[in-house]
Participant: 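So that we are looking at the same thing, I have put the structure below in structure tokens.
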2 protein chains.
Amino acid sequence: MKLGQQEIVAAALQLVDEQGLDRLNMRALAARLGVQASALYWHVGDKAELTSLMAASFYARALAAAPVEAGWRAWLLGFGHAFRGALLAHRDSARLCAIAKPIGDAQGSAERLAAPLVRAGLSRHAALSALASVISLALGWAVYEQSNALHDHLAEMVGFDESFTAGLQAMVVGFPDPAPADRA
Amino acid sequence: MKLGQQEIVAAALQLVDEQGLDRLNMRALAARLGVQASALYWHVGDKAELTSLMAASFYARALAAAPVEAGWRAWLLGFGHAFRGALLAHRDSARLCAIAKPIGDAQGSAERLAAPLVRAGLSRHAALSALASVISLALGWAVYEQSNALHDHLAEMVGFDESFTAGLQAMVVGFPDPAPADRA
DNA sequence: ACCTGAACACCGTTCAAGT
DNA sequence: ACCTGAACACCGTTCAAGT
């Protein structure tokens, strides 16, 4: 099996899932791939770039899992749950996203994410704004939810899933309908 | 000036404000305090504990800046803005909160934060749930907002303040009134 | 009680050298 | 083009020793 960015990112995610984010280091990752640590730098350039790639995979998976065509409210709800799902599928994913410095064309990715909302009738500004709020909400929840020690105490107290859903629902319902002048 | 947790945390926040989170290390921090790195371990125990203390200072400041008595919606809005303000007052604060492992009595702090909401008529569960959503939203926004490279691109595209306010407003308005059976 | 000085283990990264 | 081996700088942490 040849070594490439794909395999490296996959192995890194696997390593984090098993050992946690603070056990992710270039030597351990290289060992898992049967290679020397310095070999990774041919494919990745930087540990920061590696974490950015890992974070990007969450967004990509969320977008893929989001509803295809729907009203903008339904799409926002769907995407919110999809992004949350993508995060919860991996250990320490939220911390990973928080650490990750934005990669490549952040501008472009944002537009691509917002495109379904624009197609559904929101202005570019309203779409980006609402999307950022939904992403922020999901990311923030995941941060606290994955904070290991917190998890035990708060799981029973609050019920992460229902509470997140309640917050998301409230927010999306609360977003105003696009003003007539704001239509495409 | 004697060395204590207070001064260490303050100096650490100052250092991060000036140099950024990834330049925060025990040696630089010690040097700033005119002391040896190993001396810090008498007062702090751990770098993780230090970051937790730093993160805790944000929550404390937000609680202090929140409205004293108000309806639960108004209090939530006020606290949301206060927490956001506390985060934006320091560089890399959101990443700091994401990294920080919960300190001491997370249970107790959560209750203390939620107390004003309970006094305003929400059930304990509804209060914790709503509060967590507001905190998550503010934290999530701050993560993206402080992501240096992102800041430049997105600042004009979205308008962080208005968009955060819109999301917060929508969410708080969208929270249902407490059911009669759910009253204190 | 509080701090110094020196050390240890670990980690990101580089680079000449190999194939 | 892709990887090894060895090295460098840096950092968290410990601990005996000082005062």
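Since the model is a prediction, treat every value here as computed from it, not as a measurement. The chains referred to below are lettered A, B, ... by the order of the sequence lines, with proteins before strands, and numbering in each begins at 1.
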Participant: Distance check needed: C:dG12 P versus B:Asp22 CG, whole Å only.
Facilitator: 14 Å
Participant: Which part of the nucleic acid does A:Leu40 contact within heavy-atom distance under 4.0 Å: base, sugar-phosphate only, or nothing?
Facilitator: nothing
Participant: Remember a base hit wins even if backbone is also touched, and classify B:Leu29 as base, sugar-phosphate or nothing at under 4.0 Å, heavy atoms.
Facilitator: nothing
Participant: What are the two closest heavy atoms between B:Leu113 and B:Leu131, and how far apart are they?
Facilitator: CB-CD2, 3.5 Å
Participant: Quick one: is D:dC3 close enough that its OP1 or OP2 comes under 4.0 Å of any side-chain N or O from A:His43?
Facilitator: yes
Participant: Around atom CD of B:Gln5, are there more than 12 heavy atoms of other residues, nucleotides or ligands at under 6.0 Å?
Facilitator: yes
Participant: Which whole-number value in Å describes the distance from B:Tyr41 OH to C:dA1 C1'?
Facilitator: 20 Å
Participant: Whole-Å distance between C:dT13 P and A:Trp42 CH2?
Facilitator: 17 Å
Participant: Let me know the distance between CG of A:Leu3 and C1' of D:dC3, rounded to the nearest Å.
Facilitator: 10 Å
Participant: More 5' along DNA chain C: A:Asp46 or B:Ala37, using each one's nearest nucleotide?
Facilitator: B:Ala37
Participant: Without swapping roles, check the side chain of A:His81 against the backbone of A:Leu77 for a donor-acceptor pair under 3.5 Å.
Facilitator: yes
Participant: In terms of side-chain heavy atoms of B:Ala39, which of D:dC3, C:dT13, C:dT4 is nearest?
Facilitator: C:dT4
Participant: In the strands shown, is D:dA1 matched to any nucleotide by a Watson-Crick or G-U wobble pair with both distances under 3.5 Å, and which?
Facilitator: C:dT19
Participant: Choose from C:dT13, C:dA6, D:dC11 the nucleotide whose nearest atom is closest to any side-chain atom of B:Ser38.
Facilitator: C:dA6
Participant: Kindly point out which of D:dT13, D:dT4, C:dT13 is positioned nearest to the side chain of A:Arg27?
Facilitator: C:dT13
Participant: Start with the C-alpha distance between B:Arg73 and B:Asp177, add both sets of side-chain angles, then the distance that settles salt bridge (Lys or Arg N to Asp or Glu O under 4.0 Å), and finish with yes or no.
Facilitator: CA-CA 10 Å; B:Arg73 276 188 232 268; B:Asp177 280 303; 2.7 Å; yes
Participant: Name the closest nucleotide to the A:Gln36 side chain, picking from D:dG5, C:dT4, D:dC11.
Facilitator: D:dG5
Participant: Quick one: look up who D:dC8 pairs with, Watson-Crick or G-U, both distances under 3.5 Å, and put none if it's unpaired.
Facilitator: C:dG12
Participant: C:dC3 C1' sits how many Å from B:Leu33 CG, rounded?
Facilitator: 13 Å
Participant: Rounded to whole Å, how long is the line connecting atom CE of A:Met26 with atom P of C:dC11?
Facilitator: 12 Å
Participant: Please state how far atom NZ in A:Lys47 lies from atom P in C:dC11, giving the value in whole angstrom units.
Facilitator: 9 Å
Participant: Assign the ring pair A:Phe175 / A:Trp72 to parallel, tilted or perpendicular, where the plane angle (0 to 90°) is split at 30° and 60°.
Facilitator: tilted
Participant: Taking atom P of C:dC2 as reference, at what distance in whole Å does atom CD1 of B:Ile8 sit?
Facilitator: 11 Å
